[in-house]
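Taking it in order: structure first as structure tokens, then the write-up.
Just so you know, residue 1 is the first one in the sequence shown, and it goes up from there.
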Amino acid sequence: MASDYAFIRAYGKFTEAKESYVDDQVRRARRENAPNDAFAYDDENKRWKLFAELEEIAANGDAATAETVKTIRAIMR
């Protein structure tokens, strides 16, 4: 497993996405020079979702998001 875009890879495992889909997302992130903490592309808003933004939502008290952050961090270990 390559080490770049670890958040995309971990999020793919979290969502049980097919490996080919995750690989496509990593290639897209590379092409678009997405930030290293990008974890998913938001087609509706045409932007990369960043893990730091997810962590901020969790820090502001969203319990479900906090659990998601915790799980993704565990996958990354």
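The distance from atom CG of L50 to atom CZ of F39, rounded to the nearest 0.5 Å, is 8.0 Å. Annotation: the span from Q25 atom CD to R9 atom CZ amounts to 11.5 Å, rounded to 0.5 Å. Distance check: Y41 OH to D24 CG gives 15.0 Å after rounding to the nearest 0.5 Å.
Using a 4.5 Å cut-off on side-chain heavy atoms (C-beta onward), L54 and T65 make contact. Between I75 and F14, some side-chain heavy-atom pair lies under the 4.5 Å cut-off.
Minimum heavy-atom separation, A29 to I8: CB-CD1, 3.7 Å.
Although no hydrogens or angles enter the test, the distance criterion places no donor-acceptor pair under 3.5 Å between the side chain of R31 and the main chain of V26. Looking only at distances, no side-chain donor or acceptor of K13 sits under 3.5 Å from a matching main-chain atom of A10. With Y5 contributing its side chain and A34 its backbone, the two residues share a donor-acceptor pair below 3.5 Å.
Using a 4.0 Å cut-off between charged nitrogen and carboxylate oxygen, K18 and D23 do not count as a salt-bridge pair.
The salt bridge (charged side-chain N to carboxylate O under 4.0 Å, His left out) contacts involving residues 49-64 comprise R47-E53, E55-R73, where partners must be two or more places apart or lie in separate chains.
Under the ring-ring contact (aromatic ring centres under 6.0 Å, His included) criterion, F7 pairs with F51, not counting sequence neighbours.
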